[in-house]
Amino acid sequence: MFDIRWIREEPDAFDAGLARRGLAPMAQTLIEIDARRRAAQTEAQELQTRRNELSKQIGQAKSKGEDASDAMAEVARSKDAQAEAEEKAKAAGDELDAALAGIPNIPLDEVPDGADEDANVEIRTWGTPASFDFEAKEHDALGDGLGMMDFETAAKMSGARFVLLSGPLARLERALGDFMLDVHTREFGYTEVSPPVMVRDNALFGTGQLPKFAEDLFKTGDGLWLIPTAEVTLTNIVAGHIVEEDYLPRRYTAQTLSFRSEAGASGKDTKGMIRQHQFMKVELVSVTRPEDSAAEHERMTECAETVLQRLELPYRTVVLCTGDMGFSARKTYDIEVWLPGQGRYREISSCSNCGDFQARRMMARYRPKEGKGTRFPHTLNGSGVAVGRALIAVMENYQNADGSITVPDALKPYMGGIEVIEPNA
RNA sequence: GGAGAGGUGGCUGAGUGGUUUAAAGCGGCGGUCUUGAAAACCGUUGAGGGUUUAUAGCCCUCCGGGGGUUCGAAUCCCUCCCUCUCCGCCA
């Protein structure tokens with residue numbers, strides 16, 4: 001959400017930012033609505049000032065037993081005009097808010113321009129894709145061979161895009177989540193959180209999923225939404241609060257299920273568990289002072305990369321171009337893990353700096369040590385990492401010729417003595 | 001689901017229609033004292049918006065959200081939301 005005062009002062013910069021997102025200029029329209037709003041508001045306020053004076057006079061006159069009918073008559077006459085001005089101001093304000101709520105964040109200068117993922121820029125790679133002396137299989141073939149990844153049974157009760165894991169493979173998913181939480185809490189200072197996974201409209205408005213992306217979400221009969229990512233709940237921890245500057249930075253992590261309707265993805269990744277309606281994810285959220293968010297963004301991305309390094313999974317990190325970034329982000333790094341079965345890199349984490357875009361929407365503020373008033377902090381979120389996709393990556397990278405999966409060293413403490421996952425007899 | 005009690009400034013918490021501008025405490029900030037710190041004492045300290053070159057003034061709004069009564073509402077009425085307590089049900 002943008003500050004209309006900033007748009008008023010820098011309309012060209014605002015429109016230039018929109019253009020990089022492929023959007024038409026809006027500054028002039030917004031400024032016109034805002035001008036209407038302010039004119040009506042000023043008028044209403046002036047009438048209110050007069051009314052306040054008169055009410056005071058009436059009170060004084062009455063207490064002395066004097067006649068106040070002239071003042072009362074004047075108040076009565078101005079009532080309609082004031083109500084009309086107030087109504088106009090509110091209508092224009094609502095119109096302005098609705099327009100602003102649908103405008104995405106503007107990319108930082110260093111973000112590469114581009115229409116889609118083909119214009120993303122690789123900034124580093126880590127590890128070397130292993131070469132197998134047999135034909136590497138995809139995770140769903142491996143899972144089927146193990147007898148521990150069952151799409152049919154899941155489909156019977158839930159439909160497409162669900163899976164049922166069992167035995168050591170189910171445990172491997174649990175081990176991955178535990179391992180990731182341990183890394184982030186013990187080594188990187190994140191506070192572990194166990195948040196709700198159902199939220200109200202206002203929480204999703206705060207992080208930017210609403211009002212524009214309702215179709216990507218699941219909604220319950222009671223009007224609650226299932227979170228598409230724990231970014232929603234972790235970021236909304238600070239919603240509506242004014243905190244002291246010393247409180248920042250805040251760093252939260254949580255392992256939760258995420259729910260996505262995948263409305264726009266029909267026909268995409270229909271095979272396997274790459275794209276599910278429900279998946280486990282460890283999420284990282286940071287709330288920082290504005291001047292710290294760029295460094296925090298790098299740090300957060302390193303936290304996510306550390307998970308893959310410990311698991312010895314080759315990956316590359318890319319910076320998303322303007323056309324591939326999410327609604328609330330001003331800059332995003334994607335981490336893509338190497339999948340030998342698919343023979344390509346696939347997204348396993350996305351780390352975004354949202355600037356003050358979300359903080360404004362959820363009225364999260366802090367009180368600076370120096371100077372007056374309050375400021376909006378910056379919010380960042382990143383997967384640290386997607387547990388479901390990490391499971392896939394481990395399976396494909398640690399597969400053996402006989403279809404078994406070697407447990408990565410980093411996960412052995414979490415697997416209760418299981419070192420190799422063997423097919424069910 | 002039934003009954004009841006509440007939602008007040010960064011936090012706790014007074015205040016039931018008019019001597020406007022919400023008491024007090026805590027916290028924060030400044031100062032006195034001290035070699036320094038703590039304690040004590042004194043002072044100060046809300047948010048959003050309009051106007052404006054202005055983080056100066058002046059003005060408006062804000063006591064959960066919305067609506068109403070009144071010349072005037074934290075205070076009265078309606079409605080919605082939320083929190084808490086007891087009962088019922090229940091992982």
Side-chain angles (χ1 to χ4, degrees), chain A residues 1-10 30-98 100-101 194 196-206 210 220-225 233 236-248 250 257 287 289-291 356 359-377:
Chain A
M1 185 93 100
F2 284 95
D3 181 0
I4 185 61
R5 284 174 300 187
W6 179 75
I7 296 172
R8 230 148 58 192
E9 285 165 24
E10 304 280 350
L30 295 168
I31 288 170
E32 184 273 321
I33 299 169
D34 182 53
R36 259 166 39 217
R37 182 191 121 246
R38 286 187 295 147
Q41 185 177 335
T42 301
E43 187 191 345
Q45 287 185 359
E46 282 165 358
L47 290 166
Q48 180 68 48
T49 303
R50 179 63 181 154
R51 187 169 163 186
N52 287 346
E53 286 169 8
L54 290 169
S55 289
K56 194 174 165 187
Q57 288 172 17
I58 293 166
Q60 287 169 347
K62 285 201 164 185
S63 68
K64 293 180 200 159
E66 295 168 0
D67 176 58
S69 53
D70 286 354
M72 287 174 76
E74 185 179 341
V75 169
R77 278 198 303 276
S78 72
K79 257 192 163 175
D80 286 348
Q82 188 180 336
E84 193 184 329
E86 283 172 355
E87 213 165 289
K88 269 197 224 164
K90 186 175 188 305
D94 289 349
E95 187 182 347
L96 184 64
D97 286 345
L100 288 172
S194 178
V197 296
M198 294 195 278
V199 296
R200 296 207 188 110
D201 294 13
N202 63 316
L204 289 157
F205 180 86
L210 290 180
T220 72
D222 290 331
L224 291 170
W225 305 83
T233 39
N236 271 283
I237 290 172
V238 294
H241 286 300
I242 301 174
V243 301
E244 299 302 324
E245 181 173 344
D246 287 343
Y247 187 78
L248 304 177
R250 303 308 288 182
L257 285 170
V287 183
R289 301 184 304 175
E291 56 267 40
D356 64 8
R360 268 179 205 289
R361 294 172 81 93
M362 60 179 72
M363 286 300 282
R365 289 166 290 173
Y366 76 98
R367 202 181 294 285
K369 282 181 169 173
E370 305 291 331
K372 286 173 149 186
T374 60
R375 298 176 74 189
F376 292 103

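Reminder, nothing fancy here: chain letters follow the sequence lines and each chain counts from 1.
Rounded to whole Å, the distance from CG on A:Leu47 to C1' on B:C71 is 15 Å. Going from atom CD of A:Glu46 over to atom P of B:U61 covers 13 Å, rounded to whole Å. For the pair A:Glu53 CD and B:G72 P, the computed distance is 15 Å after rounding to whole Å. Between the CD atom of A:Glu9 and the P atom of B:U52 there is a distance of 13 Å, given to the nearest Å. We find that CG of A:Asp246 is positioned 13 Å from C1' of B:C29, with the value rounded to whole Å. Here B:G72 presents its P atom at 10 Å from CD of A:Gln82, a figure rounded to the nearest Å. With rounding to whole Å, A:Met363 atom CE is found 13 Å from B:G65 atom P. For the pair A:Leu54 CG and B:C60 P, the interatomic distance rounds to 13 Å; values are reported in whole Å.
OP1 or OP2 of B:A47 has at least one side-chain nitrogen or oxygen of A:Arg367 nearer than 4.0 Å. Side-chain nitrogen and oxygen atoms of A:Thr374 include at least one within less than 4.0 Å of the OP1 or OP2 phosphate oxygen of B:G48. Neither OP1 nor OP2 of B:G49 sits under 4.0 Å from any side-chain N or O of A:Arg38. Within the 4.0 Å cut-off from OP1 or OP2 of B:G72, not a single side-chain nitrogen or oxygen of A:Asn52 is found.
Pairing for B:C86 goes to B:G2, judged as Watson-Crick or G-U wobble with the two contacts each under 3.5 Å. Partner assigned to B:A56 is none, using Watson-Crick or G-U wobble distances below 3.5 angstrom. Both distances falling under 3.5 Å, in either a Watson-Crick or a G-U wobble arrangement, occur for no nucleotide opposite B:A39. For B:U61, the paired nucleotide is B:A47, the pair qualifying as Watson-Crick or G-U wobble because both relevant distances are below 3.5 Å. Searching all strands for a Watson-Crick or G-U wobble partner of B:C33 with both distances below 3.5 Å returns nothing. Nucleotide B:G17: unpaired (no Watson-Crick or G-U wobble partner with both distances less than 3.5 Å).
When the nucleotides B:C71, B:A47, B:C59 are ranked by their closest atom to the side chain of A:Gln45, B:C59 comes out on top. With B:C59, B:C71, B:A47 as the choices, the nucleotide that has an atom nearest any side-chain atom of A:Arg51 turns out to be B:C71. The nucleotide whose nearest atom lies closest to any side-chain atom of A:Ile242 is, among B:A47, B:U51, B:C60, B:A47. Out of B:C60, B:A47, B:G50, the shortest distance to the side chain of A:Gln48 is found at B:C60.
With both ends at atom C1', the span from B:G13 to B:A23 equals 10 Å, rounded to whole Å. Only the P atoms considered, B:U75 is 15 Å distant from B:G9, to the nearest whole Å. If you take atom C1' in B:G25 and the same atom in B:C33, they sit 24 Å apart, rounded to whole Å. Nucleotides B:A22 and B:U12, compared at atom C1', are 15 Å apart to the nearest Å. The P atoms of B:A24 and B:C80 are separated by 38 Å, rounded to the nearest whole Å. Spacing between B:G6 and B:G15 at atom P, rounded to whole Å, works out to 11 Å. Distance check on atom C1': B:A14 versus B:C26 gives 15 Å, rounded to whole Å. Remark: the separation of the P atoms in B:G18 and B:C76 is 12 Å, to the nearest Å.
Along RNA chain B, the nucleotide nearest A:Thr49 and the nucleotide nearest A:Arg365 are compared for position; the residue whose nucleotide lies closer to the 5' end is A:Arg365. Mapping A:Arg37 and A:Glu244 onto RNA chain B by nearest heavy atom places A:Glu244 closer to the 5' end of the strand.
Closest of all the heavy-atom pairs between A:Val243 and A:Leu248 is CG2-CD2, 4.3 Å. Of all heavy-atom pairs between A:Arg375 and A:Pro290, the closest is NH2-CG, 3.9 Å.
Within a 6.0 Å radius of CD in A:Glu84, no more than 12 heavy atoms belonging to other residues, nucleotides or ligands are found.
Ion pairing between a basic and an acidic side chain is recognised when a charged N comes within 4.0 Å of a carboxylate O; A:Glu87 and A:Lys90 show no such pairing. The pair A:Glu46-A:Arg50 does not count as a salt bridge, with every side-chain nitrogen at least 4.0 angstrom from each carboxylate oxygen.
Remark: the backbone N or O of A:Lys88 is not paired with any side-chain donor or acceptor of A:Arg36 at under 3.5 angstrom.
A cation-pi contact, defined as under 6.0 Å to the ring centre and within 45° of the axis, is absent between A:Arg360 and A:Phe2.
Among the heavy atoms of the strands lying under 4.0 Å from A:Arg5 are primed sugar atoms or P, OP1, OP2 only; no base atom is included.
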